[in-house]
Each structure stands twice: as structure tokens, then as C-alpha cells.
Amino acid sequence: MEKSRVLIVGGTGYIGRRIVRASLAQGHPTLVLMRPEIGLDIDKLQMLLSFKAQGARLVEASLDDHAGLVAAVAKADVVVSAMSGAHIRSHNLHLQHKLVEAIKEAGNVKRFIPSEFGMDPSRMRHALEPGRVTFDEKMELRRAIEEANIPHTYVAANFFAAYSYPNLCQMRTLLPPKEKVHVYGDGNVKVIFVDEDDVATYTIKSIDDPRTLNKTIYIRPQENILTQNEVIAKWEKLSGKVLEKVHVPADEFLASMKGTELANQVGVTHYYHFFYEGCLTNFEIGEDGAEATRLYPEVQYTRMDEYIKIYL
């Protein structure tokens, strides 16, 4: 079967660069959108040129140039958006509506994967302010995609491991704590950690798969479904250090965001849903979804035991 031509938007971003690499590795003709807004960002330009050296084709177009964007989209069978939705980086989810308009006009796209890659926004209608903006924007985009009858796949990748595992789920740091660790509630709520390269691999696996058409794929690597207590215990065993545990009740945790910057407030509300409510694991996948590790058992996903060793 001929591999689909893939256009990746946001290819220099945190998850986007991995999707570019996965697309090339899986043998897809790979196009990467190069936006003139790149300006003097030498790091992004050099990354784009490295993709070109690996066999990707760079396609110039601005999201503000509708005709140019339509022409870019027309070159591909599949469009993957990896535009940032994280408040700690840049928050650009709303710009994807321009992409939807271009896909609608081009009329040739067989599959669109919008930038989601977190928890399923359709299950977060009850989410707390201010973090709910992320889910609201993703749902607005879903409505636009579905109203335009654009074939799609949504990817629910749960928790990017680098942001959440080596730091033992602590906020405002990416490194393991040295003396004490804050434990959310009783620490026994299950969450799901996924290696970012694996997110990209599963995403590209899904794009030509009829089983994922107009569905949500949930990435739930069985061995990476862990409680915070289990994460801490694994680190203590590996490092030989015993940490002081400070249990934080839910009301105290939510109160901690008062007076802090927006990005932190968004993070606190998301962590509340993860670690107190269990929103990543408190539901069964229905008929409108599929689980990636079952669809693609040939993928040898990264276990968190391996992932964390480099932090020793």
C-alpha cells in the first residue's frame, strides 16, 4: 500500500519535531510547513534544514495567507497539526481554525490530526478555570472539523513523560526532588505516562489506519499506568534515597494557585484533574475510541523504568 503524503504544521515544536522524525522513519513522503514568521529564529531554521537533509520537503506558507495555505495543504493526503497548546510555552491552538478553512477548501485531505496530544477534551467539560480554556479551544476546533466533514483522528496521549515523570510529578521543576516530595492527596490515583517519541510513533501509525478514522486513539501503555506513590517508590529504589513525603489535600492544592501567573494556574487545575480526580484513567474507552498499544502491539514502547535512568 502506498504511504500517504504527510504535511506537518508546527514541525519545530516539542512534539512536532518528533512527529516529523516518526513520519520519515515510517517511510511517508513528509512535508513540513515553513512559516515566514520564523524571522531570525536560527534554531528553528536549522532544525527545518536538518529535516530537509533527512528527506523531508519544506513547504513555505503563512497561516495568515489563505491561498498559500490551501496550496500547501493540497500537496498532502494527511495533515498533522502539532501547534503548541501549553501555556508554559506558546499557546496557539486557536490558529488551527485557519488550517481547517484551508483543508475544507483544498478538498483533498484524507485525514486531519489536530493538535491535542493530552487528555481527551470531550471528557473535560466540567474542568476548572482557568485551565479549561485548553479543553474549550480543542472542542471548538473539533466542532469546526466535524461540521466541515473533514476526516480526522484525535490523539489522547495523556501525560508527556519528560514533564511529569522524572520530577516525580512535581510542579515548577523538571528534575527529581532531592529531599522532600509533595504527594497529591493519598498518592494512589492512577495516571498515564507516555514517552514523547512513542506519542509520535503511534500518531503516524494511525494516519492510514481505517480503524482510527473519525475516532479518538488513547495511548495507554499498560506498564506506564502508575500512581504517584509508585513513581516515588521506583525513584527511591533506583536512587537509593528516601524522600520526605508531604501530603497535600485537594483544597490546599487548589488554593496554592492564588496570585500566581496564568501558566501556573492552568497547570494547577490540570494537575488537580489528573491527580485528585483521576481523569486520565477513570473511564473505559467506548466505541468512538481505540487504544493505541492494542492496535499496534509491534511498537516497543518505552517503559518509565528505562526513561528515568538518565536522571540518576
Side-chain angles (χ1 to χ4, degrees), residues 1-86 89-93 95-103 105-117 150-153 155 157 160 162 194-209 296 299 302:
M1 185 175 122
E2 201 176 323
K3 299 256 185 180
S4 287
R5 297 167 299 163
V6 182
L7 172 67
I8 296 150
V9 181
T12 59
Y14 182 65
I15 202 70
R17 70 190 74 167
R18 292 169 166 83
I19 291 171
V20 173
R21 291 197 294 261
S23 179
L24 289 166
Q26 292 180 41
H28 288 274
T30 302
L31 302 98
V32 184
L33 194 73
M34 183 163 79
R35 295 158 63 189
E37 292 87 347
I38 196 170
L40 296 176
D41 194 330
I42 190 72
D43 291 332
K44 282 188 178 179
L45 177 61
Q46 290 183 343
M47 192 185 303
L48 287 164
L49 293 173
S50 77
F51 294 152
K52 187 179 177 184
Q54 292 165 57
R57 183 174 160 203
L58 304 182
V59 180
E60 278 196 69
S62 168
L63 290 172
D64 294 325
D65 170 17
H66 178 69
L69 200 54
V70 171
V73 164
K75 293 179 169 73
D77 306 303
V78 171
V79 177
V80 181
S81 170
M83 297 179 74
S84 175
R89 298 170 79 86
S90 53
H91 187 80
N92 295 323
L93 293 177
L95 295 177
Q96 294 179 102
H97 286 274
K98 297 177 179 185
L99 201 49
V100 169
E101 289 303 312
I103 290 169
E105 187 169 322
N108 63 296
V109 170
K110 296 190 300 193
R111 195 82 63 101
F112 176 41
I113 290 82
S115 184
E116 293 207 356
F117 307 114
I150 295 169
H152 56 271
T153 298
V155 180
F160 287 167
V194 187
D195 174 283
E196 292 83 347
D197 290 327
D198 292 342
V199 172
T201 297
Y202 286 121
T203 297
I204 294 297
K205 284 264 181 194
S206 76
I207 62 178
D208 283 336
D209 189 343
Y296 314 112
V299 175
T302 301

Once you round to the nearest 0.5 Å, how far does [atom1] of [X] lie from [atom2] of [Y]?
X: Arg35; Y: Asp41; atom1: CZ; atom2: CG; value: 11.5 Å
X: Thr153; Y: Lys205; atom1: OG1; atom2: NZ; value: 15.0 Å
X: Leu58; Y: Leu45; atom1: CG; atom2: CG; value: 9.0 Å
X: Ser115; Y: Ile19; atom1: OG; atom2: CD1; value: 7.5 Å
X: His152; Y: Glu116; atom1: NE2; atom2: CD; value: 9.5 Å
X: His28; Y: Arg5; atom1: NE2; atom2: CZ; value: 12.5 Å

- Item | Donor-acceptor pair, side chain of Arg17 and main chain of Thr12, under 3.5 angstrom | yes

[X] and [Y]: which non-hydrogen atoms are nearest, and at how many Å?
X: Val32; Y: Gly11; answer: CG1-CA, 4.1 Å
X: Lys98; Y: Leu63; answer: CD-O, 3.2 Å
X: Ser81; Y: Gln96; answer: OG-OE1, 2.7 Å
X: Ala76; Y: Val109; answer: O-CG2, 4.3 Å
X: Glu37; Y: Ser62; answer: OE2-OG, 2.7 Å
X: Ala157; Y: Phe160; answer: CB-CE2, 4.4 Å

State, yes or no, whether a side-chain contact exists between [X] and [Y] at a heavy-atom distance under 4.5 Å.
X: Lys44; Y: Met47; result: no
X: Asp209; Y: Tyr296; result: yes
X: Ile113; Y: Val78; result: yes
X: Thr302; Y: Asp197; result: no
X: Arg111; Y: Ser4; result: no
X: Leu33; Y: Leu69; result: yes
X: Lys75; Y: Leu7; result: no
X: Thr30; Y: Gln54; result: no

- Answer yes or no: are there more than 12 heavy-atom neighbours, outside Glu2 itself, under 6.0 Å from its atom CD?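 Atom CD in Glu2 is not crowded, with 12 or fewer foreign heavy atoms closer than 6.0 Å.
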
- Task: Run the numbers on Gln26 and Thr201 for side-chain contact (heavy atoms from CB on, under 4.5 Å), then give the verdict.
- Result: CA-CA 8 Å; Gln26 292 180 41; Thr201 297; 3.8 Å; yes

- Of Val155, Thr203, Val199, Val80, the residue whose pairing with Ile15 passes side chain to side chain contact (heavy atoms under 4.5 Å, CB included): Val199

- Task: Determine, step by step, whether His66 and Val70 satisfy the side-chain contact (heavy atoms from CB on, under 4.5 Å) criterion, reporting the C-alpha distance in whole Å, the side-chain angles of both residues, the deciding distance to 0.1 Å, and the verdict.
- Result: CA-CA 6 Å; His66 178 69; Val70 171; 3.6 Å; yes

